[in-house]
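Working notes for the structure below.
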Amino acid sequence: MDKASPDCPYPGCFFCVMKEGNPSKRRASILKFFRDLPSQDDDGQVLPISGLWNTAMAHPNDPEFIELGIFECMSALIWKGLKNRRWLSHDQNIYIPYYAAHIIGSYTMNMEEFAESAVHAGVIPPLVELLRGRLTWVEQRVAVRALGHLATYTSTFPSVASHGEILEVAIQLAMSSLEIVYSHFYQYVDRRLSYHCDLLTRGMGGVEMESRKAEEWASQLQCWSLQLINCFAFKPEFLPTICKPEFLVKLPGMWGGLVNENSPAGIGLLRTICHHKIGRGSVASCPGIIEALVNIACSSDDWQYMAIDCLLWLLQDPSTCHKVIDKAVPALVDLAEITTLGDHKKLGDTIVNVLQECIQSQGTGRSSVSNRTKELIEELLSSRQRLKWEKNIPKEDLHIKQAAALVVKLEGNSLFSSGNIAGAASKYSEALSLCPMRSKKERVVLYSNRAQCHLLLQQPLAAISDATRALCLHNPLNRHAKSLWRRAQAYDMLGLAKESLLDAILFINECSQSNDPDLSLRQNKVPDYAERLVKKQMRAAWLFREAASKLGGVHCEGDAGDMYGQDTDDSEWETASESDIGNDGRDEMGDEDDDDSEWKNEDERKAKFKKPSMKDIKHGFNVQLTEDEP
């Protein structure tokens, strides 16, 4: 190898080699470097490895190092760390297996030919050893990432699958990853390995940053395990191993958290499983999964469409339809007016067609549909016929119907203001029956107002149904602020923290962009009631909550920052609906989309809101629809 720069203390320095101006000499020197590095015991080896790590992340599609033997070098270094603990503990060599596995994953991320080179170089066996936990969870994370990339390609998947233990280990890791990271790192602050802390924060943070990054990496460990399993799930022969009830039932709860929102996580794997008949049978028979799919389908989750796909496929399969129809139909009826969701065009029409086929095929199935389910589908089909009928009637008649709906709606507002919440809800139902189907803005208002009535009447399921219908009608989809807030409160009443949290965060986002003085953020400040609900749900949906409940809270010396695992008084996390607030965030009957001032009732504002009791309502307590109810 060419000599190093006179100023460089390391003979054969990799960085000096990279500065070589002669291309042929440079390639020869790099080739020799990769060949010789695993057999050397010099100090400072981590420096060129970390440099290669940076290069791999910045230029993952550059073939130069692939051609010169980087995969063989990284594979040998991982084996060296696994077999020679004395070398591993010397200098900073403890970092090298992590960097080596990360480099393999980066270079195999996009290019199938690179993945083929990696397999031929023998990277899979040492990665499997890291996956099994031969070192620590930090190395497991990058090993499962690399194996997931290798399993993605048609040409390299068989090599991954030939190691029979990979799928079983990945399944166990997906189920236990959060508990592993919590117990091995997060829980005991004073026992954290220094190299873990350095890798997490790049030496730039304290205990709080370490903890936050650990939560992010734990989520990635779980999500990348699910991604690896997903590659196996496309092959029917692996589904019996995957579709075990103890694993399936946990999938809807594996959602990546707010720190890893770009991963479809558990719902993505469920969607792949539901592609196959054997998978659909297992999902339909697993207690609790259909309810969880319904919750995801009726939420502002980015992966909402995946849950809808699962429900539709289960309904289209004659062997599973009868098992899920009564649970799936109410949610799908609420979603039937979605036009476009992601790449799904005319999704509402697809839902209607599937539900219509379900009704028509009944009688040949093994069990009948409940009367309530039939009524819901028939109401939906009738509304579609009504829409077609309205296209053929004069506009003047539609205006009359719209005016009549407005009158009834104002009657509902009056009843609500006088404390007759049930009467108001009935009036909104009547207004909906009068309002033209094409008058989407007005129907958004009516559904949203009726959702608020259901909240006050302690009917969270009905509130979710109406709020979801309003959000599906709204343009853009899932962006009607008041309905988001009402559904967030309804989910809170049911103890569904994740769904409530997502709606509350989206509500705050919409408020920041709203021109409505009732909703816009004052001086860029998040309303207290919204902040309280978000904090409560972040605690309830905290990624390590289950692990902390099982293993105990965080142990640390001094102040370790705001960690959800520490014991706190639950009274400070009360729902916004359970606490008094001022005027911030209030709204009345009506909506920002309605230009008719009669639909609003400014004079009836109260200086202080109080959650109405039945006693208040009976005495005519003047209750306004406010954003911080029920």
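Everything numeric here is computed off the predicted structure, so don't read it as measured data.
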At their closest point, which heavy atom of [X] faces which heavy atom of [Y], and how far apart are they?
X	Y	result
Phe232	Leu228	CD1-O, 3.3 Å
Asp62	Tyr107	O-CE2, 3.8 Å
Asn295	Tyr491	O-OH, 3.7 Å
Ser75	Gly122	OG-O, 3.1 Å
Arg280	Leu314	O-CD2, 3.6 Å
Asp91	Gly44	OD2-N, 2.9 Å

[X] [atom1]: over 12 foreign heavy atoms closer than 6.0 Å:
X	atom1	answer
Arg202	CZ	yes
His90	NE2	yes
Lys19	NZ	no

**Request:** Could I get the full list of salt bridge (Lys or Arg N to Asp or Glu O under 4.0 Å) partners for Glu179, not counting sequence neighbours?
**Result:** Lys550

**Message:** Asp198: which residues meet the salt bridge (Lys or Arg N to Asp or Glu O under 4.0 Å) condition with it, sequence neighbours left out?
**Reply:** none

**Message:** If we count only N and O atoms by modelled type, under 3.5 Å, do the side chains of Ser219 and Gln222 hold a donor and an acceptor together?
**Reply:** no

Backbone N or O of [Y] within a donor-acceptor pair of the [X] side chain at under 3.5 Å?
X	Y	result
Asn478	Ser300	no
Thr156	Leu150	yes
Gln187	Leu551	yes
Gln45	Gln40	yes
Trp224	Leu147	no
Lys213	Thr201	no
Ser89	Arg86	yes
Asn260	Ser263	no
His276	Ala233	yes
Ser500	Ala497	no

**Prompt:** Which of these, Trp137, Trp217, Tyr186, sits in a ring-ring contact (aromatic ring centres under 6.0 Å, His included) with His196?
**Reply:** Trp137

**Message:** List the residues meeting side-chain contact (heavy atoms from CB on, under 4.5 Å) with Ala331, not counting sequence neighbours, and say none if there are none.
**Reply:** Val294, Cys298

**Message:** Holding to side-chain contact (heavy atoms from CB on, under 4.5 Å), I want the full list of residues that pass it with Asn262, two or more places apart in sequence or in another chain.
**Reply:** none

**Message:** Is the ring pair Tyr95/Tyr99 parallel, tilted or perpendicular, if the boundaries are 30 and 60 degrees?
**Reply:** parallel

**Ionic contact status for Glu216 with Arg212, cut-off 4.0 Å** = no

Nearest 0.5 Å, please: how far is [atom2] in [Y] from [atom1] in [X]?
X	Y	atom1	atom2	answer
Ile124	Ser159	CD1	OG	5.0 Å
Lys346	Ile351	NZ	CD1	14.5 Å
Ile103	Met57	CD1	CE	9.5 Å
Ser225	Leu131	OG	CG	7.0 Å
His149	Cys231	NE2	SG	10.0 Å
Ile229	Leu251	CD1	CG	7.5 Å

**Request:** With sequence neighbours excluded, give me every side-chain hydrogen bond (donor to acceptor under 3.5 Å, both in side chains) pair touching residues 108-126.
**Result:** Asn61-Asn110, Glu112-Ser155, Glu116-Ser155

**Prompt:** Between Ser282 and Leu239, does a side chain to side chain contact (heavy atoms under 4.5 Å, CB included) hold up when you go through it step by step?
**Reply:** CA-CA 9 Å; Ser282 298; Leu239 287 177; over 6 Å; no

Within a strict 4.5 Å, meaning less than it, do heavy atoms of the [X] and [Y] side chains meet?
X	Y	result
Met74	Ile49	yes
Val554	Val189	yes
Glu139	Arg134	no
Ile505	Leu258	yes
Leu293	Pro252	no
Met306	Ile296	no
Ser106	Arg145	yes
Leu173	Ile180	yes

**Message:** Applying side chain to side chain contact (heavy atoms under 4.5 Å, CB included) to Ile242 and Leu167, what does each step give before you reach the verdict?
**Reply:** CA-CA 8 Å; Ile242 297 171; Leu167 179 56; 4.1 Å; yes

**Request:** Show the numbers, then the answer: is there a side chain to side chain contact (heavy atoms under 4.5 Å, CB included) between Arg539 and Lys536?
**Result:** CA-CA 5 Å; Arg539 175 176 169 81; Lys536 173 187 177 181; 6.0 Å; no

**Request:** In sequence, state the C-alpha distance, the side-chain angles, and the governing distance for Lys250 and Glu246, and then conclude on salt bridge (Lys or Arg N to Asp or Glu O under 4.0 Å).
**Result:** CA-CA 7 Å; Lys250 291 181 178 292; Glu246 60 270 23; over 6 Å; no

**Item:** Derivation and outcome, salt bridge (Lys or Arg N to Asp or Glu O under 4.0 Å), residues Glu129 and Arg132
**Value:** CA-CA 5 Å; Glu129 292 302 305; Arg132 291 174 54 210; 2.9 Å; yes

**Request:** Tell me, please, which residues at least two apart from Phe65 pass ring-ring contact (aromatic ring centres under 6.0 Å, His included).
**Result:** Phe34

**Message:** Working note: Lys323 + Asp317, criterion salt bridge (Lys or Arg N to Asp or Glu O under 4.0 Å); need CA distance, chi angles, decisive distance, verdict.
**Reply:** CA-CA 10 Å; Lys323 295 181 181 180; Asp317 187 335; over 6 Å; no

**Request:** Carefully, step by step, assess Tyr153 and Val119 under the rule side chain to side chain contact (heavy atoms under 4.5 Å, CB included).
**Result:** CA-CA 11 Å; Tyr153 305 110; Val119 170; over 6 Å; no

